[in-house]
Amino acid sequence: MSKLVYLRIVAAVAVVMGAMAVVAGGKVLAGISQPDYHVLPWLVKYNVLMGVISLITAGLLWFKNFWGKIGAVVITVGHIIVLLLLLTIFSNEVAQHSVNAMTVRATVWILLLAFVRKNL
């Protein structure tokens, strides 16, 4: 497959990840959805913000813009840092669901960044 195809696949996955974060977090912030586990308000806001950044990054990657690579780095590093915070400083406050979700986000973005670094 061509580099463009890989970038378009990465961009599509970034759209899905970003949209899921915006929708799920937006529902919680708007009071439409109330999870049955303890919610850290800052984490919900972080997830929505990074979801929006993921959507912007996806657009940049789709059009092979260098700033897409920067966005992918920022998102990946941010998710890793937040995951480490959840596992250490906030381990007594955070729900396992939130840790699992952040683990998935961090893992997916590590893989996406690997493709971006190779193909952009």
Side-chain angles (χ1 to χ4, degrees):
M1 275 195 267
S2 72
K3 289 183 177 190
L4 181 60
V5 172
Y6 283 121
L7 284 174
R8 296 267 164 100
I9 292 169
V10 167
V13 173
V15 166
V16 171
M17 296 294 291
M20 287 174 30
V22 170
V23 170
K27 285 182 178 179
V28 172
L29 290 176
I32 297 169
S33 173
Q34 186 62 34
D36 60 351
Y37 50 85
H38 179 69
V39 174
L40 297 174
W42 68 265
L43 183 58
V44 177
K45 293 171 188 170
Y46 166 84
N47 286 333
V48 170
L49 174 64
M50 292 305 268
V52 171
I53 293 171
S54 294
L55 294 172
I56 294 167
T57 298
L60 293 168
L61 291 170
W62 186 270
F63 293 107
K64 295 179 66 174
N65 187 298
F66 171 77
W67 288 99
K69 184 185 284 189
I70 302 301
V73 170
V74 168
I75 294 164
T76 304
V77 171
H79 285 345
I80 291 169
I81 290 170
V82 169
L83 178 58
L84 292 174
L85 288 172
L86 295 178
L87 292 172
T88 57
I89 296 172
F90 296 98
S91 63
N92 292 329
E93 300 174 50
V94 68
Q96 188 61 44
H97 178 274
S98 297
V99 173
N100 294 345
M102 190 55 65
T103 301
V104 169
R105 287 183 185 106
T107 302
V108 168
W109 274 100
I110 288 167
L111 295 172
L112 294 180
L113 181 58
F115 279 106
V116 169
R117 288 186 64 217
K118 185 176 180 181
N119 296 292
L120 181 66

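Here the structure is a predicted model, which is why all the values come from computation and not from measurement. Values below: every heavy atom of this structure, side chains too, minus hydrogens, waters and symmetry copies.
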My understanding is that only residues two or more places apart in sequence, or in another chain, count here; which of them pass side chain to side chain contact (heavy atoms under 4.5 Å, CB included) with Lys45?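 Once residues adjacent in sequence are excluded, the partners of Lys45 under the side chain to side chain contact (heavy atoms under 4.5 Å, CB included) criterion are Leu29.
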Set of residues satisfying side chain to side chain contact (heavy atoms under 4.5 Å, CB included) with respect to Val39, sequence neighbours excluded: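 Partners of Val39 by the side chain to side chain contact (heavy atoms under 4.5 Å, CB included) criterion, ordered by chain and then number, come out as Val28, Pro35, Tyr37, Val44.
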[X] side, atom [atom1]; [Y] side, atom [atom2] - distance, nearest 0.5 Å:
X: Arg105; Y: Met20; atom1: CZ; atom2: CE; answer: 7.5 Å
X: Asn119; Y: Arg8; atom1: CG; atom2: CZ; answer: 13.0 Å
X: Thr107; Y: Leu112; atom1: OG1; atom2: CG; answer: 10.5 Å
X: Leu120; Y: Leu60; atom1: CG; atom2: CG; answer: 10.0 Å
X: Met17; Y: Thr57; atom1: CE; atom2: OG1; answer: 12.5 Å
X: Leu86; Y: Ile81; atom1: CG; atom2: CD1; answer: 12.0 Å

Distance-minimising heavy-atom pair for [X] and [Y]:
X: Leu113; Y: Ala72; value: CD1-CB, 3.9 Å
X: Leu83; Y: Ala106; value: CD2-CB, 4.3 Å
X: Val94; Y: Leu43; value: CG2-CD2, 4.5 Å

If you group Ile, Leu, Val, Met, Phe, Trp and Tyr by side-chain heavy-atom gaps below 4.5 Å, do Val82 and Val48 land in one group?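 Looking at the clustering, Val48 is in a separate group from Val82.
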For Asn100, what residues pass the side chain to side chain donor-acceptor pair (under 3.5 Å) criterion, not counting sequence neighbours?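 Partners of Asn100 under the side chain to side chain donor-acceptor pair (under 3.5 Å) test: Gln96.
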Treating Tyr46 as the side-chain partner and His79 as the backbone partner, does any N or O pair qualify as donor plus acceptor under 3.5 Å?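 Indeed, once roles are kept as given, a pair shorter than 3.5 Å links the two residues.
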Test question: given the 4.5 Å side-chain rule for I, L, V, M, F, W and Y, name all other residues clustered with Phe63, or answer none.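 Cluster partners of Phe63: Trp62.
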Could you pull out all residues at least two apart from Phe90 that satisfy ring-ring contact (aromatic ring centres under 6.0 Å, His included)?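 If we apply the ring-ring contact (aromatic ring centres under 6.0 Å, His included) test to Phe90, skipping adjacent residues, the hits are Trp42.
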Results of ring-ring contact (aromatic ring centres under 6.0 Å, His included) for Trp67 - residues two or more places apart only: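 Per chain and number, Trp67 pairs via ring-ring contact (aromatic ring centres under 6.0 Å, His included) with no residue.
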